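Here's the structure, in structure tokens; my notes come after.
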Protein chains: 2
Amino acid sequence: MRGKPEETKRRILTAASKLFYAKGVRAVGVDLIAAEAEVTKRTLYHHFDCKDTLVAAYLEAQNEPVLAALIKSITRVSGSITDQIEGLFLTFGKQAESSRWHGCPFARAVSELREFENDAISSIAAKHKRSFEEWLSCHLSSNEVDEPELVARQLMILVDGAITQLLIHRDPSYAKAAACAAVALIRGRVT
Amino acid sequence: MRGKPEETKRRILTAASKLFYAKGVRAVGVDLIAAEAEVTKRTLYHHFDCKDTLVAAYLEAQNEPVLAALIKSITRVSGSITDQIEGLFLTFGKQAESSRWHGCPFARAVSELREFENDAISSIAAKHKRSFEEWLSCHLSSNEVDEPELVARQLMILVDGAITQLLIHRDPSYAKAAACAAVALIRGRVT
DNA sequence: CATTTAGTATACAGATCGGTATACTAAATG
DNA sequence: CATTTAGTATACCGATCTGTATACTAAATG
């Protein structure tokens with residue numbers, strides 16, 4: 001039968017995204033994605049010409065929602081800028097308690113696909129990271145934090161470092177240590 | 001012909017380590033390792049009963065030299081504690097210029113093997129990270145830095161965060177931002 | 001001397017991988 | 001009405017993966 005083509009394509013992408021994040025882009029084959037999306041492999045290859053473009057589409061699709069979730073975990077705290085950033089790291093600590101959490105999908109994909117010097121994938125990841133860094137810079141600037149570009153970059157480093165440590169140790173106290181560091185760095189720059 | 005068994009085993013482990021770090025543990029097959037070590041696959045399986053134990057042996061073998069290299073990049077700077085930690089991050093920035101650098105082998109292996117809840121691998125990685133964190137704590141303590149455990153943990157987070165950002169962006173200015181953050185965090189704790 | 005150990009060489013089993021071939025159906029579209 | 005497009009179903013291709021089977025050699029070792 002023939003459904004609306006955009007709906008089918010979206011169903012494939014949704015299935016791929018779920019599986020890629022849960023198991024990793026290398027560990028998931030196109031057969032499994034097709035089965036999960038309830039389409040034949042032929043249909044899958046009708047909408048995506050190879051697995052790599054499907055991976056790229058997966059990461060592109062993650063950009064907006066991940067960015068929105070990060071921003072929301074900051075802005076939902078109605079307090080000072082330091083309280084807000086603290087909330088960001090405590091959110092990571094809570095997420096790390098779930099076995100379904102696997103850190104940043106962009107960093108993970110880049111790590112998995114390093115062997116091929118896949119410029120397409122790493123540039124999508126870099127674009128996403130830059131977007132969040134720039135948003136942080138603006139947010140810090142509008143809260144009278146000095147040198148917002150530098151502090152935003154340092155916060156990005158703390159974010160990805162906390163994620164790595166949380167993934168290795170599964171110990172939420174690393175989120176607290178990161179939050180504490182972030183607060184100290186911001187406090188050193190308030191006028 | 002029959003050489004000394006330890007020598008052959010070491011040759012296999014050396015070949016595996018080189019390939020695992022260069023291409024990733026998932027991307028390298030046992031056939032390639034056997035060829036690189038100039039042994040037959042039969043001989044490889046005589047010394048290691050499966051690929052996973054070879055991966056574990058690879059990580060175990062990396063523990064000491066990686067730790068030694070990290071400590072050396074700190075202690076070779078004859079200056080203040082802040083100068084020394086700055087040296088650590090600038091070393092990462094230099095290494096990131098090489099296309100043969102792929103960050104921390106432990107974080108990378110854990111990332112690649114997340115799909116299997118491989119406790120053996122992640123516990124080796126955790127042990128290594130704890131070793132370095134503890135060394136940092138002692139080094140900070142003996143340099144009159146307050147709350148050395150907390151600061152050591154924050155430095156660990158900065159280290160792995162800087163590595164992630166360097167791998168994604170390939171921009172050494174992230175190493176400088178991390179160094180700047182580390183210095184600020186330590187300066188806030190000197191008595 | 002007999003046995004165990006370390007090794008070579010080659011082949012293959014069984015699974016999975018990305019991707020394609022063939023043949024067909026049905027809906028939209030000019 | 002003819003054509004294109006979206007889709008099913010099934011099977012297959014060639015490559016690669018981990019791991020084992022068979023058969024043999026030579027050195028160490030009790």
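Reminder, nothing fancy here: chain letters follow the sequence lines and each chain counts from 1. These numbers were taken from a predicted model, which means no experiment stands behind them.
- As rounded to whole Å, 13 Å separates atom C1' of D:dG19 from atom CG of B:D52.
- No cation-pi contact links B:K18 to B:Y58, judged by a cut-off of 6.0 Å to the six-membered ring centre and 45° from its axis.
- Geometric assessment of B:K9 against the ring of B:F48 yields a positive cation-pi assignment under the 6.0 Å and 45° thresholds.
- Judged by Watson-Crick or G-U wobble contacts below 3.5 Å, the nucleotide C:dA6 has D:dT25 as its partner.
- Figure legend. C:dG30 is base-paired to D:dC1; pairs are counted as Watson-Crick or G-U wobble with both atom distances under 3.5 Å.
- Of the residues near DNA chain D, A:E38 and B:C50, the one whose nearest nucleotide (by heavy atom distance) lies more toward the 5' end is A:E38.
- When rounded to the nearest whole Å, the span between NE2 of B:H46 and P of C:dA9 equals 16 Å.
- Mapping A:R42 and A:V28 onto DNA chain C via the closest heavy atom, the residue that lands nearer the 5' end is A:V28.
- Between B:R153 and B:E147, no side-chain nitrogen of the basic residue sits less than 4.0 Å from a carboxylate oxygen of the acidic one, so the salt-bridge criterion is not met.
- Note on B:H47: a side-chain N or O is less than 4.0 Å away from OP1 or OP2 of C:dG7.
- Comparing atom distances between the B:K41 side chain and each of C:dG18, C:dA11, D:dA6 picks out C:dA11 as nearest.
- Atom pair B:L32:CG and D:dT18:C1' shows a separation of 14 Å (rounding to whole Å applied).
- Regarding contacts with the backbone of C:dT10, every side-chain N or O of B:T40 stays at 4.0 angstrom or more from both OP1 and OP2.
- Separating the CD1 atom of A:I12 from the P atom of D:dT8 is a distance of 8 Å, rounded to the nearest angstrom.
- Under 3.5 Å, the side chain of B:K51 and the base of D:dG19 form no donor-acceptor pair of N or O atoms.
- Between C:dT20, D:dT18, D:dT8, one nucleotide has an atom nearer to the side chain of B:Y45 than all others, and that is D:dT18.
- For D:dT18, the paired nucleotide is C:dA13, the pair qualifying as Watson-Crick or G-U wobble because both relevant distances are below 3.5 Å.
- Comparing A:V39 and B:D31 by the nucleotide of DNA chain D that holds the closest heavy atom to each, the one mapping nearer the 5' end is A:V39.
- Computed from coordinates, the A:F48 CZ to D:dG7 P distance equals 11 Å when rounded to whole Å.
- Protein atom CD1 of A:I33 is 16 Å distant from nucleotide atom P of C:dT16, rounded to whole Å.
- In this structure, D:dA11 and C:dT20 make a Watson-Crick or G-U wobble pair, each of the two defining distances being under 3.5 angstrom.
- A heavy-atom distance below 4.5 Å is found between the side chains of B:T8 and B:T43.
- Between A:Y21 and A:H102, the ring planes lie perpendicular to each other; the angle is over 60°, past the 30° to 60° tilted range.
- Atom CG in B:L44 sits about 14 Å away from atom C1' in C:dT8, given to the nearest Å.
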